[in-house]
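Step one of this worksheet: look at the structure below.
Because the structure is a prediction, the values reported are computed rather than measured.
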Amino acid sequence: MEVLSACSPPAVPEGRLANGGGPDSEPGPILPRQPRTVRDTGLEPRFVIALVVKTLHASGKTPLSLLTGRLRLSISVVREVLQQLVAEQQAEVAWCGDSDIDVHYQLTAFGQRAAAEYLAESRYVGPAPVALTIYRTMVERQSLRHPDAPRVTPAGLKAVLAEDGIEPAVRELIGAALHSNRPLMLYGPSGSGKTTLAHRFARLRPDPVAVPYAVLVNHEIVQVYDPTLHAAPLQPRLAEERRSCDARWALCQRPLVHVGAELARDMLELRSDAPSGVLCAPPHLLANNGLLVLDDLGRQRVPAAEVVQRWLGALERGVDHVAVPGGASHALPFDVALVLATSLAPESVLDESCLRRIGYRIALGPLSEAAYRALVWRQCRLRGIEPDEHTIDYLINELHRRTRRPLLAAWPHELLSRIADFAGFAGREPRFDADSVAQAWSSLFGPRAALEPSNLGEMR
């Protein structure tokens, strides 16, 4: 694909740490270097000029510092453009302070006419985008499949999953699947903890990544950064001074993107946002260099095989062809850790040829009694409720076994939440006793589902 550029794009710095970065790594080795000239940006000079003119048009008389902040370009780059605009009488100095940085600019009448022409071509006003080739290179560098990427260790996995009650053999299978960096499927009954487990995988990769605010793709702006998905790094050190780094990139945690039964065909393509003049990237591309969870597989508004086959093929190629509304398609980089989750039998959702392309299929089911008891205790402690062993006996022996409901990971959280709800409504402190458990159980499974706890005293 051709990229709108006046020159060969600047190289992404090689300075990533040998271990692929980490929670204590500095931002310098991750973010690209700051462009010093228009040429360094990898963008066409006319494109940068148009962006400066449109920003001045939207802002009126604008300080140089504010202009550079909105464009996320260095002062030297913006000055280079402004000097040309002043020479061509499209812009002028509106006010000067004591320093060469304390300068305000505004458009002339000629500049206002030029702004109207540029806005007719594209309404986008915002951070300067990065070239597609640069973005593609960065995604490859930050890939979890990269040789220097951080690896999941047995100790790290055990620490993250220690309180989930997962049997050691299943945990070892999960570790092998994550180590392979191949797509994996979690399947089992609803309530077995598939979604919670998939989300926990994101905690195993704490190293930060660089995400561009926008990418220029064949004369069109594709918005990539989403503040709701691209959270700031956990370590405060990573927010230190970054004047030498390219401000068109944000330093973020590896994203976790979750899509479920709401997924439809149009959500797999680029979406046009007319007011801002940008194309919005689909959710699966916003997950680049992070974790993509497709939940409730088989219940989407698009056939499961269609989605999975497309994503598996795109992962193998490293690019996904996404369509522009009413136009052609663009090849954008695609690199994620893909986790599929379903409560259906895998064979009923995907055919054998598709299942063979999924690296690992991991079954999740009821917990052991010991693990279930431990989970109840943990949920009590999390809510500041005193646990009681006799009440847990009543929950397991009288409620679960009598109704033949399996010991699934979802029930302790749900029951304790309802106990807290009933107590809050009654204006009292929540208690983990047989009456409270029976009330929560009845509200969850129906009024006839709970055994009256009248015999609890005999059990003691």
Check: Lys54 side chain, Tyr124 main-chain N or O, donor-acceptor pair, under 3.5 Å: yes
Verdict with supporting geometry, Asn289 and Asp335, side chain to side chain contact (heavy atoms under 4.5 Å, CB included): CA-CA 6 Å; Asn289 295 140; Asp335 182 274; 3.7 Å; yes
Full working for salt bridge (charged side-chain N to carboxylate O under 4.0 Å, His left out) between Arg418 and Glu414: CA-CA 6 Å; Arg418 288 167 184 257; Glu414 187 62 43; 2.8 Å; yes
Verdict with reasoning, Leu285 to Val222, per side chain to side chain contact (heavy atoms under 4.5 Å, CB included): CA-CA 11 Å; Leu285 294 186; Val222 178; over 6 Å; no
Can we say [X] and [Y] salt-bridge, meaning some charged N sits less than 4.0 Å from an Asp/Glu carboxylate O?
| X | Y | result |
| --- | --- | --- |
| Arg136 | Glu140 | no |
| Arg310 | Glu306 | no |
| Asp351 | Arg356 | no |

Test side chain to side chain contact (heavy atoms under 4.5 Å, CB included) applied to Gln300 and Glu262, step by step: CA-CA 6 Å; Gln300 285 71 32; Glu262 75 282 359; over 6 Å; no
Does either side chain, that of [X] or that of [Y], offer a donor lying less than 3.5 Å from an acceptor on the other one?
| X | Y | answer |
| --- | --- | --- |
| Arg70 | Thr55 | no |
| Ser417 | Arg383 | yes |
| Arg357 | Gln309 | yes |

For [X], I'd like to know if atom [atom1] has over 12 heavy atoms of other residues, nucleotides or ligands within 6.0 Å.
| X | atom1 | value |
| --- | --- | --- |
| Glu172 | CD | no |
| Glu429 | CD | no |
| Arg123 | CZ | no |
| Arg299 | CZ | no |

Parallel, tilted or perpendicular: ring planes of Trp411 versus Phe445, cut at 30 and 60 degrees: perpendicular
Mutual orientation of the aromatic rings belonging to Trp311 and Phe334 [parallel < 30°, tilted 30-60°, perpendicular > 60°]: tilted
Residue list, ring-ring contact (aromatic ring centres under 6.0 Å, His included) with His258, at least two apart or on another chain: His199
Reported CG-to-NE2 distance for the pair Asn288 and His230, which is rounded to 0.5 angstrom: 8.0 Å
Side chain to side chain donor-acceptor pair (under 3.5 Å) against Asp266, all qualifying residues, sequence neighbours excluded: none
From CA spacing to verdict: side chain to side chain contact (heavy atoms under 4.5 Å, CB included), Thr68, Val77: CA-CA 9 Å; Thr68 58; Val77 170; over 6 Å; no
